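If you read the sequence from its start, that first residue is 1, and numbering goes on from there. This is a predicted model, so every value here is computed, not measured.
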Amino acid sequence: MPQLGESVTEGTIGRWLKQVGDAVEKYEPIVEVATDKVNAEVPSPFAGVLTAIIAEEGQTIAVGQPICDIAEADAADPAAPLTVDAAPAAPPAGAPAAAVAAPAMPSAPTAPAAAAAQTAGRVRTSPYVRRLAKEAGIDLQLVPASGNEGRVTREDLARFQRLPSAAQASVAQGAAPAAPPQQLPAAPARTAAAPAPAMGDRVLDLTPMRRTIAEHMVRSKREAPHATAWFEVDMSPVVALRKAIRPEFEAREGVPLTYVPFVTKAAVEALREFPQINASWGGDKILLHGPVHVGIAVAVPDGLIVPVLRNADGLSIAGIARGAHDLITRARAGRLTLADLEGGTFTVNNPGSYGSVFSTPVINQPQAAILSMEAIVKRPVVVEGDAIAVRSMMFL
């Protein structure tokens with residue numbers, strides 16, 4: 001699993017573009033990987049033949065862990081058939097049932113490997129395997145590990161699940177010294193089963209992007225207590241200005257003139273005056289960012305993505321309009337790069353384009369804040385001199 005960004009620590013296998021036995025060229029994409037930043041195609045580092053797929057579609061793998069095996073072109077013999085493990089021989093008549101049912105388990109890890117597999121009492125494994133174990137009610141500390149550096153793999157968990165209860169206890173005892181009863185970790189509670197689909201229901205499998213968005217948003221709500229403040233803004237002068245200059249602007253710039261550049265420009269000016277908001281939380285410190293890199297939330301068919309308009313504090317309203325239009329166009333065409341999604345210091349969201357009057361956006365971690373633009377609605381309001389006038393109002 002390659003490092004797809006400075007802060008990316010893992011990736012989810014989206015779709016394999018090559019299958020076992022396929023020839024691959026150097027730099028040819030072999031798999032799609034989704035991270036919390038971007039969906040990317042991973043190229044092969046060399047030419048050869050794909051001999052094994054280690055990470056399955058939907059599996060989350062830590063950076064640096066293997067996802068497949070490729071035999072290099074100068075080492076592979078294309079004419080030679082791919083070898084697979086032979087099926088186990090049929091057991092002799094009268095063999096004990098337990099011996100027939102129990103699959104082979106990896107040998108117990110050595111003391112150094114077992115020590116490496118524990119970090120602050122946690123078993124080293126992927127979030128995907130941890131979720132499977134939780135759903136099955138299995139304590140991962142009892143599962144013998146065969147992965148790199150003592151990691152418990154999905155295959156380890158599957159082998160352990162297939163064992164009879166008595167065999168599981170035997171394997172667990174051989175995998176690690178028994179702890180005193182009062183020190184044994186409690187098995188995780190089995191999660192409630194999802195309701196069976198009823199007549200007319202449809203089941204949609206989570207795409208890597210939707211799963212990543214869900215995990216990212218839950219983490220944000222858990223790590224950053226959210227406080228929302230609403231401000232009512234009279235947008236009438238902006239509405240009048242946009243109406244007056246829109247035809248000439250769009251003819252000159254070649255991009256549509258929306259309200260996003262006006263609000264983004266106002267936000268950028270405010271961030272320069274109050275740098276505490278153009279910041280990131282660092283656990284025991286606060287990082288005040290120098291430049292203002294504004295994330296523009298963009299709805300795409302499979303979810304939401306936030307490309308970054310870099311150095312927005314140096315752009316005019318026209319420059320912001322051009323930059324935002326470029327990012328939005330490439331986001332919806334699936335042509336963003338990882339660089340387009342990294343380094344945001346503040347985010348502007350525009351649910352008002354869908355008619356939303358109030359919304360509660362979720363902070364895009366590790367940023368400190370997010371600004372939500374709501375719909376511009378004409379309402380009667382009290383103006384100077386206690387008169388009542390119809391104005392174009394918007395909540396921020």
| request: Name all residues meeting the side chain to side chain donor-acceptor pair (under 3.5 Å) criterion together with R252; count only those two or more places apart in sequence or in a different chain, and write none if there are none. | output: E248

| field | Pairing residues for Y259 by the ring-ring contact (aromatic ring centres under 6.0 Å, His included) criterion, not counting sequence neighbours | value | none

| message | If hydrophobic residues (ILVMFWY) are linked whenever their side-chain heavy atoms come closer than 4.5 Å, directly or via other members, who joins V308 in its cluster? | response | none

| field | Between CH2 on residue W16 and CG on residue D22, distance to nearest 0.5 Å | value | 11.5 Å

| query | Mind checking what makes side chain to side chain contact (heavy atoms under 4.5 Å, CB included) contact with T345, not counting sequence neighbours? | reply | N278, H289, V292, H293

| remark: P237 meets the side chain to side chain contact (heavy atoms under 4.5 Å, CB included) criterion, sequence neighbours left out, with D234, R391

| said: So, using salt bridge (Lys or Arg N to Asp or Glu O under 4.0 Å) as the criterion, who are the partners of D326 when residues are at least two apart? | reply: R330

| said: List the residues meeting side chain to side chain contact (heavy atoms under 4.5 Å, CB included) with P43, not counting sequence neighbours, and say none if there are none. | reply: none

| Contacts of type side chain to side chain contact (heavy atoms under 4.5 Å, CB included), residue E384, not counting sequence neighbours | none

| task | Check side chain to side chain donor-acceptor pair (under 3.5 Å) between S372 and all other residues, then give those that pass, not counting sequence neighbours. | result | S359, E374

| task | List in chain and number order the residues that pass side chain to side chain donor-acceptor pair (under 3.5 Å) with E269, two or more places apart in sequence or in another chain; answer none if no residue qualifies. | result | K265

| query | What residues, two or more places apart in sequence or in another chain, satisfy side chain to side chain donor-acceptor pair (under 3.5 Å) together with R210? | reply | none

| Qualifying residues under salt bridge (Lys or Arg N to Asp or Glu O under 4.0 Å), relative to E253, sequence neighbours excluded | R322

